[in-house]
There are 2 protein chains.
Amino acid sequence: MVQQEVLDRTFAALADATRRQILIRLGQGPASIGELAEPFGMSLTGMKKHVHVLENAGLVTTEKVGRSRRCRLGTERLEDAMSWIRFYQRLWERRLDGLDAYFTLNKEDDR
Amino acid sequence: MVQQEVLDRTFAALADATRRQILIRLGQGPASIGELAEPFGMSLTGMKKHVHVLENAGLVTTEKVGRSRRCRLGTERLEDAMSWIRFYQRLWERRLDGLDAYFTLNKEDDR
DNA sequence: TTTATAGTGAACCACATGGTTCAGCAAGAG
DNA sequence: CTCTTGCTGAACCATGTGGTTCACTATAAA
């Protein structure tokens, strides 16, 4: 499924504290690579890689403006991750709700 | 922050389609390593590694029963990921809500 | 036109990941 | 006790990740 790859990239992009902070920073408005790199004391090249990962996941969009690159928050990708978690949560809660029934009825099938 | 490491591990664990399917499978009840491995045609060793990643993230708990290992869904870790996404979403939506003000008031500060 | 600045790409590094095979070990069955 | 089964650990492999430095391009400024 292509949808699986989208989830892969989205969750992987979120699995890094630096990138999560970048997202929060961009929540306050667009920024250049240099402006993003500065608070982390990171090289421009390093920051560009992070931005590239976020861009690949659709969480950020960028655009070259003059000799600078303007990075902005992407739009809908996070909703994919969110809805998967919600789906899984529903599944999990349903299991908890049925725990007593599970133990009384399915004891022999508990594998 | 330790909390950041928890988020790192949780999102990283979710960033793999196989592991997401394992979680869904475990939503239907506990399973052994072999039972988890079978539908993927994967070696036991490979599956154990996946389970280990999920366990490290707190998404799954396991327990040795006889010569088999019983894997169950973990409890609260997913809520961490969920609440981070919600936090970020609020931030993002607030930015969208303020877009007009942003364009009219902060045009000169658009960097 | 010269020079400073912002980003880019290639090469490199150490380490993690996702998988395998093979050799064991421990528990249950006969 | 012996045999089978389920899991485990070590070793290995190819690829990805998070970071660097260095050389380069392209734009903006003087």
Side-chain angles (χ1 to χ4, degrees), chain A residues 1 4-23 25-26 29-72 108 110-111, chain B residues 1 4-23 25-26 29-72 108 110-111:
Chain A
M1 292 279 193
Q4 292 294 334
E5 290 176 25
V6 169
L7 281 173
D8 283 5
R9 282 202 290 266
T10 304
F11 281 125
L14 293 176
D16 184 283
T18 302
R19 286 195 292 265
R20 289 194 300 274
Q21 284 197 241
I22 293 171
L23 288 178
R25 165 64 184 80
L26 289 180
S32 69
I33 300 284
E35 287 165 342
L36 290 175
E38 191 272 338
F40 296 99
M42 182 182 295
S43 68
L44 294 179
T45 312
M47 178 51 65
K48 196 186 174 264
K49 284 192 181 182
H50 279 302
V51 169
H52 187 238
V53 171
L54 290 167
E55 201 174 4
N56 259 359
L59 292 166
V60 157
T61 65
T62 76
E63 158 200 28
K64 200 72 192 275
V65 174
R67 64 184 160 177
S68 173
R69 176 171 294 275
R70 174 140 327 183
C71 308
R72 290 185 158 85
E108 80 286 350
D110 189 1
R111 49 184 159 77
Chain B
M1 291 282 192
Q4 292 295 332
E5 291 176 25
V6 169
L7 281 173
D8 283 4
R9 282 202 290 265
T10 304
F11 281 126
L14 293 176
D16 183 284
T18 302
R19 285 194 293 265
R20 289 194 300 273
Q21 285 196 240
I22 293 171
L23 288 178
R25 164 65 183 80
L26 289 181
S32 69
I33 300 283
E35 285 164 343
L36 289 176
E38 191 271 339
F40 296 99
M42 183 183 293
S43 69
L44 293 180
T45 311
M47 178 52 64
K48 193 182 176 270
K49 284 192 181 183
H50 279 302
V51 169
H52 186 239
V53 171
L54 290 166
E55 202 175 4
N56 259 358
L59 292 166
V60 158
T61 65
T62 76
E63 158 200 27
K64 200 71 192 278
V65 174
R67 63 184 160 178
S68 173
R69 177 171 294 277
R70 174 140 328 182
C71 309
R72 291 186 158 84
E108 79 287 350
D110 188 3
R111 49 186 156 78

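Note that the structure is a prediction, hence the values are computed from the model and not measured. Naming: A, B, ... by sequence-line order, numbering from 1 per chain.
Atom CE of B:Met42 is separated from atom C1' of C:dT21 by 15 Å (rounded to the nearest Å). The CD1 atom of A:Ile22 sits 11 Å away from the P atom of D:dG18 (whole-angstrom rounding). Look at CG on A:Asp8: it is 12 Å from C1' on C:dG18, rounded to the nearest Å. In this structure, the CD atom of B:Glu5 is 16 Å from the C1' atom of D:dG18, given to the nearest Å. Distance, B:Leu36 CG to C:dG19 P: 14 Å, rounded to whole Å. Put simply, CG on B:Asp16 is 11 Å from C1' on C:dG19, counting in whole angstrom units. Distance CG (B:Leu54) to C1' (C:dG18): 13 Å, rounded to an integer number of Å. Straight-line distance from the CE atom of A:Met47 to the P atom of D:dT17: 17 Å, rounded to whole Å.
A donor-acceptor pair shorter than 3.5 Å can be found between the side chains of B:Arg69 and B:Thr62.
When side chains are defined from C-beta on, A:Leu36 counts as touching A:Leu26, because their heavy atoms get closer than 4.5 Å. A:Thr18 has its side chain within reach of A:His50: a pair of non-hydrogen atoms, C-beta onward, lies under 4.5 Å apart. Side chains of B:Thr61 and B:Glu55 form no contact here, defined as non-hydrogen atoms less than 4.5 Å apart.
Within the structure, a side-chain polar atom (N or O) of A:Ser32 is placed less than 4.0 Å from OP1 or OP2 of C:dG7. Phosphate proximity of D:dG9 to B:Lys48: present, with a side-chain N or O under 4.0 Å from OP1 or OP2. For B:Arg19, a side-chain nitrogen or oxygen approaches OP1 or OP2 of C:dG18 to under 4.0 Å. Proximity of B:Arg69 to the phosphate of D:dT8: a side-chain N or O atom is located under 4.0 Å from OP1 or OP2. Between B:Lys64 and C:dA27, a side-chain N or O to OP1/OP2 separation shorter than 4.0 Å is absent.
Among the atoms of the strands shown, base atoms are found under 4.0 Å from some heavy atom of B:Gly46. The residue B:Ile33 sits close only to the backbone: its heavy atoms come under 4.0 Å of sugar-phosphate atoms, none of a base.
Each of C:dT5, C:dG28, C:dG9 was ranked by its minimum atom distance to the side chain of A:Thr45; first place goes to C:dG9. With distances taken from any side-chain atom of A:Ser68 to the nucleotides C:dA6, D:dC7, C:dT8, the minimum falls on C:dA6. Here the nucleotide nearest the side chain of B:Ser43, chosen from C:dA6, C:dG7, C:dT20, is C:dT20. Proximity note for A:Thr18 (side chain, C-beta onward) versus D:dG19, C:dT8, D:dA10: the nearest is D:dG19.
Between A:Ala15 and B:Gly34, the residue anchored nearer the 5' end of DNA chain D, judged by the nucleotide with its closest heavy atom, is B:Gly34. Where A:Leu44 and B:His50 each meet DNA chain C at their nearest nucleotide, the meeting point lying more 5' is that of A:Leu44.
To the nearest 0.5 Å, atoms NE2 (A:His52) and CD1 (A:Ile33) are separated by 11.0 Å.
Side-chain N or O atoms of B:Glu35 include one that pairs as donor or acceptor with a backbone N or O of B:Ser32 at under 3.5 Å.
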